[in-house]
Amino acid sequence: MQTRVVPVEETSNQIIDEAANLIRSGQLVAFPTETVYGLGANAFDAVAVEGIFKAKGRPATDPLIVHISAPECLDQVAVEIPDVAYKLIVVFWPGPLTLILKRHHQITPVVSAGLATVAVRVPAHPVALALLKAAAVPIAAPSANLFAHTSPTTAAHVLEDLGGRIPLILDGGPTTVGVESTIIDLTATRPRLLRPGGVAYDAIAKHLPDLEVVRRFVDPEEVVEAPGTLLKHYSPRAAVQLFDGSDSKVRLAIARTAEALLADGKRVGLLIAEEDRAALSDLAVPTVVLGSVSDLRQIARRLYGGLRSLDDFGVETILARTYPSEGIGLAIRDRLIRAAQGHIHSID
Ligand code: TXA
Ligand code: MG
């Protein structure tokens with residue numbers, strides 16, 4: 001199959017109608033959201049949604065997120081919606097917050113891997129919203145990457161992973177958030193953070209004082225104790241070694257590890273912050289500088305692209321540092337820990 005990549009400059013573009021027709025006829029379309037690119041199919045159509053799993057090589061046991069154009073469409077997707085959901089929706093939609101609710105029977109169970117629940121959000125991206133409105137059906141869409149690979153933040157990333165497998169990629173330029181949505185489960189007795197993401201934990205906790213957090217998101221000790229419980233996810237091809245501790249010790253440890261690997265004839269790359277650059281410039285290895293530690297939003301925006309470009313250099317090992325866990329930093333930390341498959345070198 002030939003994959004077309006079409007730039008979408010204005011949302012009234014006829015390509016939106018073409019994409020909407022593809023969705024309505026059971027085909028797949030990749031489209032930009034503010035977080036990462038999604039691979040969309042009509043959420044009412046079981047066969048179309050099965051196509052997403054096939055194209056990604058994703059196990060049918062991993063449920064997808066349903067996207068809608070406005071909160072008014074929520075009744076087509078979920079039932080028995082608790083009041084607390086509307087409290088969050090008013091503040092955070094459109095935006096990178098996904099809610100887990102009870103699934104409406106119209107939404108094919110294939111979307112939810114057979115669960116009685118469904119994940120849903122309104123994305124804050126003009127192209128995504130235009131597509132959702134034109135298609136006039138909820139669109140199930142996971143990140144548009146091959147299963148367990150790094151999520152795509154540009155149309156070129158999508159093409160790299162899914163070229164030849166889908167008919168159309170809408171190119172809306174690089175995404176602005178860069179990491180996936182925050183997921184909150186509202187179907188248990190207490191609301192629970194399932195995945196940190198584009199909306200900061202603190203911002204949600206203000207509205208949900210009883211929000212429960214899985215401890216490994218915040219406490220590195222928890223991660224080291226139970227690396228086996230982490231699904232390999234969000235990973236580049238190269239192995240990632242993650243260093244956590246004071247800045248000067250982390251830089252020293254990265255330099256020593258790089259030297260040892262180079263002496264062993266290994267190809268090494270660095271994923272670092274602006275502040276680390278001077279201390280590590282002597283290494284002369286492929287290096288991606290994500291930005292300043294004082295601007296975590298920029299770090300998040302560049303994170304996945306940085307991992308992919310180090311893969312393009314053909315490095316076998318990526319040495320990376322952790323970031324403070326405030327704001328979007330919690331999501332950055334979570335994705336880096338997953339990329340490193342749970343292994344952190346704690347240096348202090
Ligand atoms: O920002 C995002 O959320 C992006 C864009 C495209 O919207 N989407 C995304 O989808 O990251 P995906 O498929 O890569 O991640 C969806 C995750 C699943 O892996 C699962 O952890 C969770 O959402 N999920 C979906 N439905 C669920 C359910 N019913 N119960 C619990 N978790 C669910
Ligand atoms: Mg994904």
Side-chain angles (χ1 to χ4, degrees), residues 28-41 43 49 52-53 55-69 77-79 92-104 107-125 127-129 131-132 138-155 157-158 161-162 169-170 172 175-188 191-199 214 217 230-235 300-301 303-304 307 328 331 334-335 338-339:
L28 307 183
V29 174
F31 61 95
T33 79
E34 77 280 35
T35 58
V36 300
Y37 275 70
L39 177 60
V49 175
I52 294 178
F53 289 92
K56 284 189 56 130
R58 179 174 175 130
T61 49
D62 193 0
L64 313 177
I65 294 174
V66 174
H67 298 71
I68 52 176
S69 61
V77 175
V79 293
F92 297 109
W93 282 5
L97 177 68
T98 295
L99 301 178
I100 309 289
L101 299 165
K102 280 206 179 147
R103 181 169 50 83
H104 192 296
I107 298 294
T108 170
V110 182
V111 163
S112 299
L115 295 171
T117 55
V118 66
V120 58
R121 80 180 188 101
V122 176
H125 193 290
V127 173
L129 291 172
L131 174 64
L132 285 161
I139 295 181
S143 50
N145 50 279
L146 290 174
F147 177 65
H149 196 204
T150 312
S151 295
T153 53
T154 65
H157 294 162
V158 181
D161 276 24
L162 300 177
I169 301 170
L170 298 178
T175 62
T176 52
V177 175
V179 291
E180 299 84 348
S181 59
T182 304
I183 303 180
I184 306 282
D185 184 358
L186 296 178
T187 63
R192 201 167 124 98
L193 178 79
L194 296 185
R195 176 176 77 181
V199 175
V214 181
F217 292 139
L230 279 162
L231 187 68
K232 179 176 152 63
H233 225 131
Y234 310 101
S235 303
R301 205 150 46 229
L303 177 64
Y304 289 144
L307 288 166
I328 203 163
D334 171 65
R335 302 311 187 270
R338 287 169 189 264

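Counting convention: from 1, in listed order, for ligands and their atoms alike. This chain uses plain numbering: 1 for the first residue, then up along the sequence.
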**OP:** Before signing off on this row, confirm whether R121 and ligand 1 have an N or O atom pair separated by under 3.5 Å.
**Re:** yes
Original post:
Just distances here: any N/O of T33 and N/O of ligand 1 closer than 3.5 Å?
Top reply: no
Original post:
How many angstroms lie between CG in L131 and CD1 in I139, if you round to the nearest 0.5 Å?
Top reply: 4.0 Å
Subject >> Qualifying residue, where the test is side chain to side chain donor-acceptor pair (under 3.5 Å) with T33 and the options are E180, R121, H125 >> reply: R121
Original post:
Short list, please: which atoms of ligand 1 are under 4.0 Å from a heavy atom of I100?
Top reply: 27 (C), 28 (C), 30 (N), 31 (C), 32 (N), 33 (C)
Subject >> Close-contact set for ligand 1 against L115 heavy atoms, below 4.0 Å >> reply: 28 (C), 29 (N), 30 (N)
Original post:
Taking 2.8 Å as the cut-off, does an N/O/S atom of N145 lie below it from the Mg ion (ligand 2)?
Top reply: no
Original post:
Are the side chain of T154 and the backbone of H157 linked by a donor-acceptor contact shorter than 3.5 Å?
Top reply: yes
Subject >> Location of contacts on D185 toward ligand 1, heavy atoms closer than 4.0 Å >> reply: neither
Original post:
By number and element, which atoms of ligand 1 are closer than 4.0 Å to a non-hydrogen atom of T117?
Top reply: 28 (C), 29 (N), 30 (N)
**OP:** Using a strict cut-off of 4.0 Å, indicate which atoms of ligand 1 neighbour a heavy atom of T35.
**Re:** 1 (O), 2 (C), 4 (C), 5 (C)
Subject >> Enumerated ligand 1 atoms positioned under 4.0 Å from heavy atoms of I65 >> reply: 3 (O), 8 (N), 9 (C), 10 (O), 16 (C), 23 (O)
**OP:** Can you figure out which of R195, E180, R58 has its heavy atom closest to atom 13 (O) of ligand 1?
**Re:** R58
**OP:** Number the atoms of ligand 1 from 1 as they appear, then name those within less than 4.0 Å of a heavy atom of A119, with their elements.
**Re:** 25 (C), 26 (N), 27 (C)
